[in-house]
Undergrad: 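Okay, here's the structure, questions in a sec.
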Amino acid sequence: MDFSFPPEMVAFRRMVREFAEEEVRPLAATIDREDRVPWETIPKLRQAGLLGVPFPQKYGGAGLGEMGYCILLEEMGRVCTSTATFIGAHIGIGAMAIYLGGTEEQKQRYLVPLARGEKLAAFALTEPGAGSDAAAIRTRAVRDGDRYILNGTKIYITNGSFADIISVMAVTDPALGARGGVTAFIVEKEYPGYKVGTIEDKMGIRGSATAELIFDEVEVPAANVLGQVGLGFVTFMQSLDVGRVTLGAACLGGAETALEMAIRYARVREQFGRPLAHLQSVQFMVAEMAAEIEALRSLVYRTAWLVDTKQPFTKEAGMCKLLGSEIASRCVDRAMQIHGALGYSRDFPLERMLRDSRIAELFEGTNEIQRIVIATELFREAGVRIRP
Amino acid sequence: MLRPLRGLSMTEGNSARHSLKAKTMQDLSYLEALMGEPVGEEGYRDIWGLASAVEGRLSDLSLQTVGKARGLADGLGAYVRFLLAGAPDEETAQTLIAHGADYVYLAPGQADAETLAAFLRERKPEIVLLDDSITNRALAARVAQALDASLVTEAEDVRADPIDRALLVTRPIYEGIASQVIACLAKPQIVTVRAGAFPLPYPDRSRTGSIEQLSASWQPDAVQYEPAPEVASPPALTTARIVVSAGRGMEDAEGFALVQQLAARLGAAIAGDRGALDMGWIGPEQQVGALGVIVTPALYIACGIEGTTEHYLGMEGARAVIALCRESDAPLLKAADWGIIGSPKEIVRALVEAMG
Amino acid sequence: MRIAVCIKQILDPRAVRLSRSREAIDPRQAARIVNPPDRYALEAALRLRERHGGEVIALSVGARDVSDALREALAMGADRAILLSDEMLAGADASGVARALARAVEHIGDVSLVLTGERALDTGGGTLPARLAQELGWPVVTDASEPQLEDSILRAFQRDEKQRWSVSVALPAVLAVTRQREKPRYPPALRIAWAYREAEVETWDCDDLGLSPEEISARHTEERNLVMPPERNLGFILSGSPEEAARSLVAELRGKRLI
């Protein structure tokens, strides 16, 4: 067992940390306040090759795998959850779906520009009537010769307002439903009938655009079917699994920042004649934060190793997401408690971090879904098949 | 490996020698008699220096350097010999003598490494002291490399080991978090002396010394220098060496203007606390504190800032802190190396004046 | 044009702490990084290459683990990286290092510009550029910024203690670059992967350079003890009228060389 990172990962983290500190942190409060995407950061991310980190070099990526991708999101999560979310939606689920389910031709045509950052991706699954219950989606795809006609509405789509290439789930056979009746498609934003609807006004991650997408008689070539017809869920669940690991990494970054802030403040803030650090109540909070963060770090990078060595990781991915989001929320909450009213100030990052951290318990499959995913795997290993 | 140098073009010109006053300099013969051999090893002797006269004046640093040379020479039993470059005249030479030099050699022009190295190779000084500057550091480095000499730059302190006469030079490391004592093992021992490292010596106008004109011809520099327009750019707040920071205690726009004057005088970055932001004096990118920017300057001057924990988190990394506060119980006073209690406006005004 | 960039691996000066009890530097928190000014030199070299073509070669001296610094240079965009590594060099001081680097520049051949950082931020005295120039017999410009090339004349700016200069020098020359304006680029992720997994760092020893021990191993100086800065004595109040207090403060600050 060797827990040290290989030299290229150490060098990559050093670069990303510097990038995050210099380019991302200074904008974090601004994009939150102005409720806008950090447009000025995107060309810099592209130039630094950060929009295709996990993908092989032959597809325009950096070839740094899931471990490099986790490092990227951990470092981004340390400074700006919105930027981490933007990258996560682009790489982790948008482009990842094409990488995992696409044909060679689709990868050349779509994945390469995405990995190079020339095009941006989104992943469209959720609908007004279907979120955690993904099988309830109603967007329809009807075959018409060598094309499909898509009709329906997707909501809460991260990067939706500007994505060039969108991976979309639609029902191809209502009779079969989730078991063989749902197919994934690659949609380009130029296709006639594709429209961006309402942009959500959110509590947190306000620097990431969350949009409604409307498909009105959108013609999609049959060549753009992602994976096999009817097996869309398989494709999508695989990329969601990968995304959950890195979401855990982003949460890890946020939790680390909260702990560092708490220690810094408790060291100097005096109450009752001595720094907060000497109060046992504060010591307990800091100790619990550190212990949870250490456990999360081990889990995230071990799971990344499972992904990179092509071992099963569905259960661990669910754990990364479940524990990561809860630990991040708890750490930010404790840090705010230690900071008192200062932490509650809107001029202070903790207030934003508190709003931002909450989303991780909700999106990419609520934490309740994660528990089901983990339990399903556990019982499957014990020979019991859980039915939803 | 020493590269062949261009022809030695600098020798003492006998004809040009115009020694002025009777020599009443230190007589070292008693020391040599005592030790039974010439002072200094392998014929390396005396302390040489290089100063430059600009418009009939010597910089304070040059005077500090010659004063230090005198002190070392008295301890070691040696003469202080200075090359006077630039536009030297008799008066500046006399000034060098009054501050401690025994011999002054007038060598007009800009010193260059080849000529200086050749000269020092011939004269074999035990110690060479130069003012620390960008130009002299490069000059000293080239000379040291050519002569296989020891060299320490940016000296804060220079002592001679009383037993083996080796110089022990103190210089800052890691951008000044500590200083390192370095022993010189090779001769000549070349040192560039930092401004302010040593006091200005008291001039003794009755000191006498010899002034000689060298038939000097320094080599022209291969690098062309032309004055370039200044680009007015105050240092970035996060990397500034000095930060001057304003708070509500500066009262009004007039008070803040004084803070700006102080910053300009020091070449410092301007900042403020949350109060200064509220007053509209600074932008959010200049606000020091946990809510704003975190700064780590060598010196932080808080003008009219009483000090909250929030503000403290932004400047606790400063290596030295000055707090100018109205109230004697201002929290920042406890975290400051120096505090002054009173009207911050009046104090800042007095500070600008005191700096001249 | 062939440009050599000399880089040094140092302990991150921002993370170096002082241990007062042991009167020593405590490097435990400090990672080994490329000396920050050297990254500016590399950036300047890459910009010159982008404009005028040619080749950028990163050079460093040290044990094998220094190759990480050279890999970072490759990741940023250097075409070649050469490590001068030899037991004989382990004890070399600035003089020996300059000699070895100069010999390597000659060994590479056809180099018309050597760039390096203004100084090493660890214990460097800022003498390497001029020493190197002396060994090569080339002119040197220290504390330079924004180098530009016009018909084999190199132009740059230099700020000395008093003012800013526009300097020009015919190549070949040595240029020491300050940390100004043109910030070093982020090494692209793809190049990081390549530099650390596949790229070759050439290693030369003293035999390759024809260097004899006498040329490089002579010790000119020796590091002795550290001098700790005085403990801060907080809460000192200067009394008197504003004028008196201001005068004593200015005297204190000048005495401590803070202004």
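Here is how names work: the chains are called A, B, and so on, in the same order as the sequence lines, proteins then strands, and each is numbered from 1.
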Undergrad: Given a strict heavy-atom distance threshold of 4.5 Å, which part of Gln158(C) is in contact with chain B: side chain, backbone, both, or neither?
TA: side chain

Undergrad: What part of Arg179(C) gets within 4.5 angstrom of chain B, counting heavy atoms only: side chain, backbone, both, or neither?
TA: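 For Arg179(C), the contact with chain B is made by the side chain alone.
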
Undergrad: Can you tell me which portion of Ala236(B) sits under 4.5 Å from chain C's heavy atoms? Options are side chain, backbone, both or neither.
TA: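 Neither the backbone nor the side chain of Ala236(B) comes within 4.5 Å of chain C.
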
Undergrad: I need the residue from Leu258(C), Thr123(C), Val140(C) with the largest number of non-hydrogen atom pairs under 4.5 Å to chain B.
TA: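 Greatest number of close heavy-atom pairs with chain B: Leu258(C).
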
Undergrad: Among Leu18(C), Val169(C), Asp143(C), Thr221(C), single out the residue with the greatest number of heavy-atom pairs under 4.5 Å to chain B.
TA: Thr221(C)

Undergrad: With a 4.5 angstrom heavy-atom cut-off, is it the side chain or the backbone of Leu167(B) that approaches chain C, or both, or neither?
TA: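 Nothing of Leu167(B), per the 4.5 Å heavy-atom cut-off to chain C.
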
Undergrad: Non-hydrogen atoms of chain C under 4.5 Å away: do they reach the side chain of Ala335(B), the backbone, both or neither?
TA: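 Backbone of Ala335(B) only, per the 4.5 Å heavy-atom cut-off to chain C.
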
Undergrad: With sequence neighbours excluded, tell me which residues meet ring-ring contact (aromatic ring centres under 6.0 Å, His included) with Phe157(C).
TA: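 Phe157(C) satisfies ring-ring contact (aromatic ring centres under 6.0 Å, His included) with no residue once adjacent residues are dropped.
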
Undergrad: Measure Asp160(C) against the heavy atoms of chain B and call it side chain, backbone, both or neither at under 4.5 Å.
TA: both

Undergrad: Which bit of Glu154(B) comes within less than 4.5 Å of chain C, counting heavy atoms only: side chain, backbone, both or neither?
TA: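 Glu154(B) touches chain C through side-chain heavy atoms alone.
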
Undergrad: Name the option with the most non-hydrogen atom pairs under 4.5 Å to chain B; the candidates are Ser95(C), Pro229(C), Pro13(C).
TA: Ser95(C)

Undergrad: Counting only non-hydrogen atoms closer than 4.5 Å, does Ala149(B) touch chain C with its backbone (N, CA, C, O), its side chain (CB onward), both, or neither?
TA: backbone

Undergrad: Shorter than 4.5 Å, heavy atoms on both sides: which option in Met228(C), Glu243(C), Arg155(C), Glu252(C) has the most such pairs with chain B?
TA: Glu252(C)

Undergrad: What pairs with Ala197(B) under side-chain contact (heavy atoms from CB on, under 4.5 Å), at least two apart in sequence or on another chain?
TA: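 In terms of side-chain contact (heavy atoms from CB on, under 4.5 Å), with neighbours along the sequence ignored, Ala197(B) is linked to Val193(B), Arg194(B).
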
Undergrad: Counting heavy-atom pairs under 4.5 Å with chain B, which one of Ile25(C), Ile259(C), Asn225(C), Val16(C) comes out on top?
TA: Asn225(C)

Undergrad: Which bit of Ser133(B) is near chain C, if near means a heavy-atom gap under 4.5 Å: side chain, backbone, both or neither?
TA: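 Its backbone and side chain both get close to chain C.
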
Undergrad: Quick check on Leu266(B) against chain C: is it the side chain, the backbone, both or neither that has a heavy atom closer than 4.5 Å?
TA: side chain

Undergrad: For chain B, which residues from residues 124-132 of chain C have at least one heavy atom closer than 4.5 Å to it?
TA: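 The list, in residue order, reads Gly124(C), Gly125(C), Thr127(C), Ala130(C), Arg131(C).
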
Undergrad: Picking from Leu249(C), Val141(C), Asp93(C), Ile216(C), which has the most non-hydrogen pairs under 4.5 angstrom with chain B?
TA: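 Ranked by contacts with chain B, first place is Leu249(C).
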
Undergrad: Give, as side chain, backbone, both or neither, the part of Arg142(B) having an atom under 4.5 angstrom from any heavy atom of chain C.
TA: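 For Arg142(B), backbone and side chain are both near chain C.
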
Undergrad: My understanding is that only residues two or more places apart in sequence, or in another chain, count here; which of them pass ring-ring contact (aromatic ring centres under 6.0 Å, His included) with Trp204(C)?
TA: His107(C)

Undergrad: Salt bridge or not for Arg159(C) and Glu230(B), using N-O below 4.0 Å?
TA: yes

Undergrad: Under a 4.5 Å heavy-atom cut-off, does chain C meet the side chain of Leu332(B), its backbone, both or neither?
TA: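 Contact with chain C: none, neither part.
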
Undergrad: Checking heavy atoms, do the side chain of Arg119(C), its backbone, both or neither come under 4.5 Å from chain B?
TA: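 The answer is the side chain of Arg119(C).
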
Undergrad: Examine whether an atom of Arg241(B) lies under 4.5 Å from a heavy atom of chain C, and if so say whether it belongs to the side chain, the backbone or both; otherwise answer neither.
TA: side chain

Undergrad: Which answer fits Val348(B), side chain, backbone, both or neither, if we ask what part of it has an atom under 4.5 Å from a heavy atom of chain C?
TA: neither

Undergrad: Which atoms of Ala336(B) come close to chain C, meaning under 4.5 Å heavy atom to heavy atom: side chain ones, backbone ones, both, or neither?
TA: backbone

